[in-house]
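Following: one structure in structure tokens, then a few remarks.
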Amino acid sequence: MKMNIKTKIALCSGADFWHTRAYPEHGIRSLTLSDGPHGLRKQETSGGTDMLGINDSVPATSFPTASLTACSFAPELAERIGKAIGEEAASLGVDIVLGPGANLKRNPLCGRNFEYFSEDPLLSGRMAAGWIRGAESTGVSSCLKHFACNNRENSRFSSDSLVDERTLRELYLSSFETAITEGHPSAVMSAYNKLNGVYCSDNKKLLTDILRNEWGFDGLVITDWGGLSDRIAAFRAGCDLSMPGSRFTEASAVIKAVKKGTLAEEDIDKAVARIRSLASSSADTVKGSAFDREKHNKLAKEAAEESAVLLKNDGNVLPLAPDGKAVFIGAMAKNMRYQGSGSSHINPIKLTSPLEAMPDVRWVEGCCDDGSTCDGLLCEAVRAAASADVAVIFAGLPETYESEGFDRDSMKMPEGQLRLIDAVAAAAEKTVVVLFSGSAVECPWADNVDAILYMGLPGQAGGEALRDLLYGYISPSGKLAESWPYVYEDCASSETFSNPGNSVYAEGIYVGYRYYEKASVPVRFPFGHGLSYTSFEYSGLRADGMKVSVSIKNTGSSAGAESVLLMSRAPGDGIVRPIRELRGFEKVKLAPGESKTVTFSLSERSFAVWQNGWKIPAGTYYAEAGPLSCEMHIAGEKLSPHPDLKGTFYESCLGKPSAADFEKIYGKISEPPRPVKGFYTMNNSVEEMKDGSLIMKILYRAVESTLAKGLGVKKGSSDPSFRMMMNASLGAPLRCMQISSGVKPGIFSGLLAIANGHPLRGILKMIF
Ligand code: BGC
């Protein structure tokens with residue numbers, strides 16, 4: 001049976017929050033989608049659905065978040081996690097898991113950094129590719145997100161990421177490119193934000209020219225939830241499916257555009273074909289299979305162990321002696337922070353806190369869950385610390401500090417925890433800090449303690465993993481996937497990141513270590529830093545054409561694993577670029593005395609820069625691994641330094657990039673127009689309009705009170721669910737609010753007309 005145009009358009013918009021539409025008469029079944037990527041968030045419709053992890057979901061294994069797993073430098077581990085999540089999805093009849101996220105960590109304050117892998121595109125892309133291969137191997141589809149340049153949470157629905165082409169290609173897109181070409185996901189999710197002036201869902205350059213034509217992606221593009229900007233532009237751009245399902249209203253405008261010839265029906269047909277290829281009844285995968293909960297818990301534990309980073313270990317204070325007298329201090333030992341808030345929030349099958357995993361160790365509270373403390377708690381902690389051999393403090397970021405939906409206010413840890421660490425470190429013989437956070441934190445206390453073990457957000461088995469790491473049943477082997485600056489102000493984007501309005505990526509290619517090394521800004525812990533209980537020796541680094549090999553030996557007395565990072569150092573040829581860049585990595589497990597040789601196969605692309613296309617600057621490069629370095633001669637082409645960049649930030653990384661510097665690599669930038677009464681559109685949020693419009697002010701207050709009441713908190717609360725929901729409703733453009741709320745579109749266009757000063761027109765729109 002031929003599908004009529006109305007049905008085709010309807011198929012391209014979801015049926016409800018988590019399902020696509022079924023047309024059995026056309027052999028098309030409904031697809032079920034659920035969130036990932038650190039476990040499965042399958043919500044049953046009867047229990048309430050949402051995109052922020054508020055309502056309950058079916059219990060699932062909670063794995064460490066991407067920010068921690070990346071520290072394993074082991075895509076093979078990500079593959080096993082992806083496979084396990086795929087198995088859990090298949091068991092619940094889920095067709096598409098929404099994950100992983102391959103956005104780069106541009107700035108430590110992005111609230112969602114815990115969901116992303118790294119500041120480096122190769123590491124990020126390879127970890128994401130591993131996850132995707134694993135999930136797809138179970139017959140379940142993965143959906144790589146959020147494409148692209150969704151690097152902040154404040155204003156995430158509307159901000160415009162202004163990024164120059166070179167930076168896009170070398171960093172932000174490169175992470176996705178690797179994930180797609182090495183992982184082959186079935187789907188990609190377009191981001192909420194604009195990229196260089198065009199909403200990602202409408203962005204043809206992104207979704208068709210680059211994604212499909214350059215990278216060969218042939219799967220489905222799905223909008224982020226409520227993120228469709230303009231259905232007609234989105235069809236043209238190659239955006240297939242708008243989620244979630246809302247009142248279906250686009251058909252008449254789309255049909256009109258087809259009739260007028262401004263939209264080719266072929267573009268709709270392409271979207272239909274792509275949905276059909278995943279949803280054709282014959283493509284149904286085997287569902288309902290059981291999975292092994294204990295095996296998945298073990299994998300979650302292994303992932304946390306493989307990824308935890310030993311940041312400091314003076315005098316080998318770790319591992320702890322099994323018969324030693326240790327005291328645990330801090331609320332996080334009891335209520336471990338193990339996952340982030342928002343759409344990736346899992347209802348864990350099992351949860352083992354550090355205290356449950358090590359019940360025999362004495363514990364004192366020291367500070368509360370929210371990071372605050374008082375003299376009484378401090379005194380008790382100091383007394384306990386003074387009478388123990390080792391004081392182990394559990395600290396990090398409380399839930400209210402980092403979440404999807406809003407950015408962190410600062411890089412600092414809570415004041416109470418800082419006081420606790422100072423007081424205990426002064427009293428204890430030896431002090432160890434175990435840190436829980438989804439992103440880098442300032443550690444002004446680092447020199448006062450003996451050891452620091454970073455557990456990130458380690459998932460449900462974090463306590464069990466910590467026990468085995470603390471007591472040396474396994475040696476830590478994680479290395480940092482992002483740099484930890486001394487203070488927030490040290491990072492290249494510190495002056496622009498939190499600006500309202502556009503997101504100006506003025507630092508260009510100088511993100512993370514690419515900046516700190518070039519600018520000679522010392523960091524607390526560099527990218528790739530991580531200690532072990534054993535020691536490794538590197539030898540025999542040599543390059544043979546594009547092949548680089550190096551041998552690693554375990555020279556200590558315990559088993560361990562070493563991630564070998566291969567960096568390339570560029571020739572001093574005047575071409576503006578970072579001093580060194582990651583070009584390969586591999587993790588090797590070694591018994592004491594054992595050695596292995598690792599070989600990296602590089603390609604021309606490993607040395608390429610983007611100058612209106614990939615160009616390989618000829619010259620002598622250096623391959624670096626551990627303390628070793630060897631020459632590599634690359635016969636590329638002679639490229640001349642960019643004349644306009646002389647004397648700018650990009651040449652030297654001195655100071656911070658100015659707007660004038662940025663315009664040299666980007667072109668002229670203009671500030672987004674301020675929303676003005678009379679000219680408000682569906683792209684404006686209630687928050688933006690409330691000061692110019694009474695109706696929007698009333699709506700704002702009403703929604704704020706309803707949310708606060710519903711969550712049982714005060715207005716203005718720092719509760720993450722409240723902040724998230726405020727941003728997701730009142731901070732989102734009206735069009736997102738309309739899609740996500742499922743309210744009749746006439747209501748919103750009516751409200752908009754009233755806000756623009758046309759009350760009668762508004763009321764009529766609402767009625768009719
Ligand atoms: C998030 C996505 C998520 C979706 C569905 C959005 O708010 O940005 O990552 O997959 O909600 O929950």
Side-chain angles (χ1 to χ4, degrees), residues 14 16-20 31-45 47-58 60 65-67 85 89 94-103 110-117 128 131 135 141-159 176 185 187-193 199-201 220-228 241-246 339-347 403-407 438 720-721 723-729 731-733 735-737 739-742:
D16 62 23
F17 216 86
W18 296 124
H19 299 95
T20 60
L31 292 166
T32 302
L33 300 91
S34 282
D35 265 314
H38 312 129
L40 190 73
R41 187 172 74 94
K42 165 88 165 45
Q43 289 183 321
E44 300 298 4
T45 314
T49 50
D50 68 87
M51 59 199 219
L52 300 170
I54 311 273
N55 291 297
D56 249 359
S57 50
V58 179
T65 65
S67 55
I85 294 173
V94 170
D95 299 284
I96 304 181
V97 180
L98 306 175
N103 297 90
C110 170
R112 217 171 174 182
N113 271 352
F114 68 87
E115 256 189 82
Y116 300 137
F117 291 105
W131 194 104
S141 299
S142 57
C143 179
L144 180 69
K145 61 193 189 181
H146 310 87
F147 191 52
C149 294
N150 178 181
N151 303 102
R152 72 192 250 186
E153 287 299 288
N154 291 349
S155 314
R156 66 171 166 159
F157 298 101
S158 53
S159 85
F176 283 93
V188 165
M189 184 189 287
S190 58
Y192 284 127
N193 50 282
Y199 277 107
C200 291
S201 67
L220 188 66
V221 172
I222 308 174
T223 64
D224 199 342
W225 264 231
L228 180 77
L241 176 64
S242 163
M243 285 301 289
S246 62
Q339 66 170 332
S341 301
S343 60
S344 67
H345 196 269
I346 312 300
N347 178 9
S403 167
E404 177 179 341
F406 56 88
D407 293 320
S721 301
R723 287 181 75 179
M724 242 188 318
M725 288 181 81
M726 286 290 286
N727 278 351
S729 50
R735 68 178 157 78
C736 299
M737 233 179 145
I739 299 176
S740 304
S741 67

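As the structure lists them, so they are numbered: ligands from 1, and atoms in each ligand from 1. Model, not experiment: these values are computed from the prediction.
- Going from atom OG1 of Thr20 over to atom CG of Leu241 covers 6.5 Å, rounded to the nearest 0.5 Å.
- Across all non-hydrogen atoms, the minimal contact from Met243 to His19 is CE-O, 3.8 Å.
- Side-chain atoms of Asp407 come within 3.5 Å of backbone N or O of Glu153 as a donor-acceptor pair.
- When all heavy atoms are compared, the tightest approach of Leu40 to Ala89 is CD2-CA, 3.6 Å.
- Using cut-offs of 30° and 60° on the angle between ring planes, the pair Tyr116 and His146 is perpendicular.
- In terms of heavy atoms, Gly226 sits closest to Tyr192 at C-CE2, 4.2 Å.
- Within 4.0 Å of ligand 1, the residues that place a heavy atom are Trp18, Asp35, Arg41, Met51, Leu98, Arg112, Lys145, His146, Arg156, Met189, Tyr192, Asp224, Trp225, Ser343, Glu404, listed by chain and number.
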